[in-house]
Amino acid sequence: MPELPEVETVRRGLIPLLLGRTIERIVIRDSRLRYPVAKRRLQALLSGRKITAIKRRGKYLLISCGSHGILLAHLGMTGRFQFCTPRTAQASHTHAIFYLSGRKELRFVDPRRFGMLEAIHPEEVAKHSLLVDLGPEPLSPQFDGTLLSSVCHNRKRPIKNLIMDAKVVVGVGNIYASEALHWAGIHPHRAAGRLSHARIETLVDAIKNVLGRAISVGGTTLRDFSDPNEEAGYFAIELAVYDREGQPCHTCARVIKRSIQGNRSTFYCPACQR
DNA sequence: CGGGCGGCCTGGAGGC
DNA sequence: TGCCTCCAGGCCGCCC
């Protein structure tokens with residue numbers, strides 16, 4: 001489901017709902033997510049604790065209970081958080097329920113179970129195996145043309161695969177990789193090492209602009225994404241190439257093509273992207 | 001060691 | 001209506 005803009009939209013949506021609430025009780029209904037959910041550790045670190053901050057690293061959400069613990073969560077492809085009351089009918093694939101003060105509940109729903117939930121100590125964040133090798137945040141100043149140029153140097157790997165690699169830069173998934181390459185006028189199959197510095201600068205700008213724009217409109221709703229208030233995102237109507245195979249390019253009217261890269265669909269305009 | 005790709009899961013869409 | 005195949009926004013880990 002979600003790439004960085006969707007996760008950021010969820011984070012912003014959860015802040016007013018969760019900050020200041022206490023996690024009174026945690027029920028794991030099905031621990032079979034991407035990794036088995038360590039239920040007792042979750043309860044030991046988080047139950048009885050007050051939520052003080054909600055942060056994001058790449059596509060990971062970090063729901064923090066001060067010095068006591070952090071709920072590290074990943075939505076995978078189909079995960080979502082639902083904020084509701086005890087009377088709300090339970091959706092199928094509700095794997096975890098966090099009972100909150102004020103008679104509210106935070107539920108984790110994930111049909112495909114590619115998501116994850118784990119409780120960690122605050123001091124574990126820096127060296128956690130899932131976080132330690134992550135590249136820079138794409139919207140941070142650290143991610144710039146100089147950095148991406150050095151990563152691209154002499155690499156034969158297609159540029160699309162490279163920008164989707166979380167060790168290079170986090171948060172750029174299949175949709176926004178296709179979109180950013182389109183705006184930068186770069187063919188997704190082009191070897192990273194054969195791009196000029198100027199074009200890499202353009203690509204960095206495109207990534208920042210596409211992600212920033214998507215965040216500002218609440219993410220992309222393609223199939224099943226919505227924020228915790230069940231509001232849909234509106235970026236889908238702005239997609240230039242993604243899921244537009246056979247349709248005309250908005251710039252040059254040539255037909256958008258689809259290819260397979262790394263077992264994933266790639267969409268591009270064969271005329272605008274070289 | 002870089003990097004391609006299989007596999008993890010379920011459900012929806014579309015073809016017949 | 002039903003069955004079958006294909007496809008899906010992520011990411012670890014295996015293997016070349």
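Proteins get letters first, then strands, A, B, ... in listed order; numbering begins at 1 in each.
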Taking only Watson-Crick and G-U wobble pairs with both distances under 3.5 Å, what dot-bracket line describes DNA chain B, where [ ] shows pairs that cross earlier ones and | shows pairs with another strand? .|||||||.|||||||
C:dG10 C1' sits how many Å from A:L61 CG, rounded? 14 Å
Apply side-chain contact (heavy atoms from CB on, under 4.5 Å) to the pair A:Y99 and A:L106, showing each step before the final yes or no. CA-CA 7 Å; A:Y99 293 89; A:L106 182 71; over 6 Å; no
Whole angstrom value for the distance that separates C1' of C:dA8 from CZ of A:R258: 11 Å
What's A:N161 touching, base or sugar-phosphate or nothing? Going by heavy atoms closer than 4.0 Å. sugar-phosphate
Using atom P in both nucleotides, what's the gap between B:dC5 and C:dC7 to the nearest angstrom? 16 Å
Co-members of A:M164 in a cluster of I, L, V, M, F, W and Y side chains, linked at under 4.5 Å: none
Among the candidates B:dG3, C:dA8, B:dC9, find the nucleotide nearest to the side-chain atoms of A:Y242. C:dA8
Out of C:dA8, B:dG2, B:dG4, which nucleotide sits closest to the side chain of A:S265? C:dA8
Report, as a single string ordered 5' to 3', how protein heavy atoms within less than 4.0 Å touch nucleotides 10-15 of chain B: B base, S sugar-phosphate only, - not at all. BS----
Length of the CG-P vector between A:L33 and B:dC8, whole Å: 16 Å
Side-chain N or O of A:T78 versus OP1/OP2 of C:dA8: is the shortest distance under 4.0 Å? no
Of the candidate nucleotides B:dG6, C:dA8, C:dG10, which contains the atom at the shortest distance from the side chain of A:N263? B:dG6
Once the angle between the rings of A:Y268 and A:H187 is folded into 0 to 90°, is it parallel (under 30°), tilted (30 to 60°) or perpendicular (over 60°)? tilted
Would you say that more than 12 heavy atoms from the other residues, nucleotides or ligands in this model lie under 6.0 Å from the NZ of A:K257, or not? no
Figure out the CG/P separation between A:L162 and B:dG3, and round it to whole Å. 7 Å
How many Å lie between CD on A:Q261 and C1' on B:dG4, as a whole number? 12 Å
What residues, two or more places apart in sequence or in another chain, satisfy side chain to side chain contact (heavy atoms under 4.5 Å, CB included) together with A:A53? A:K55, A:S64
Quick one: sort the A:F108 and A:H95 rings into parallel, tilted or perpendicular, breaks at 30° and 60°. tilted
Side chain to side chain, A:L62 and A:I54, heavy atoms closer than 4.5 Å: no
Could you write nucleotides 11-16 of chain C as a row of B, S and -, 5' to 3', where a protein heavy atom under 4.0 Å of any base atom gives B, of only sugar-phosphate atoms gives S, and otherwise -? BS----
Can you tell me the distance, in whole Å, between the CZ atom of A:R80 and the P atom of C:dG10? 18 Å
Rounded distance in Å - CD (A:E6) to P (C:dA8): 16 Å
Result for side-chain hydrogen bond (donor to acceptor under 3.5 Å, both in side chains) between A:N174 and one of A:K160, A:E3, A:E179, A:Q261 points to A:K160
Begin with the C-alpha distance, continue with both residues' side-chain angles, and end with the deciding distance and a verdict on salt bridge (Lys or Arg N to Asp or Glu O under 4.0 Å) for A:E6 and A:K59. CA-CA 9 Å; A:E6 290 71 41; A:K59 297 171 190 167; over 6 Å; no
Considering only residues two or more places apart or on different chains, which pairs with a residue in residues 112-122 of chain A satisfy side-chain hydrogen bond (donor to acceptor under 3.5 Å, both in side chains)? A:E118-A:H128
Using whole Å, what does the distance between atom P of nucleotide C:dA8 and atom CE of A:M77 come to? 9 Å
Can any side-chain N or O of A:Q273 pair as donor or acceptor with the backbone N or O of A:I186 at less than 3.5 Å? yes
Would you check if A:W183 and A:D205 make a side-chain contact, meaning some heavy-atom pair closer than 4.5 Å? no
B:dT10 and C:dG13, which share atom name C1', separated by this distance in whole Å: 22 Å
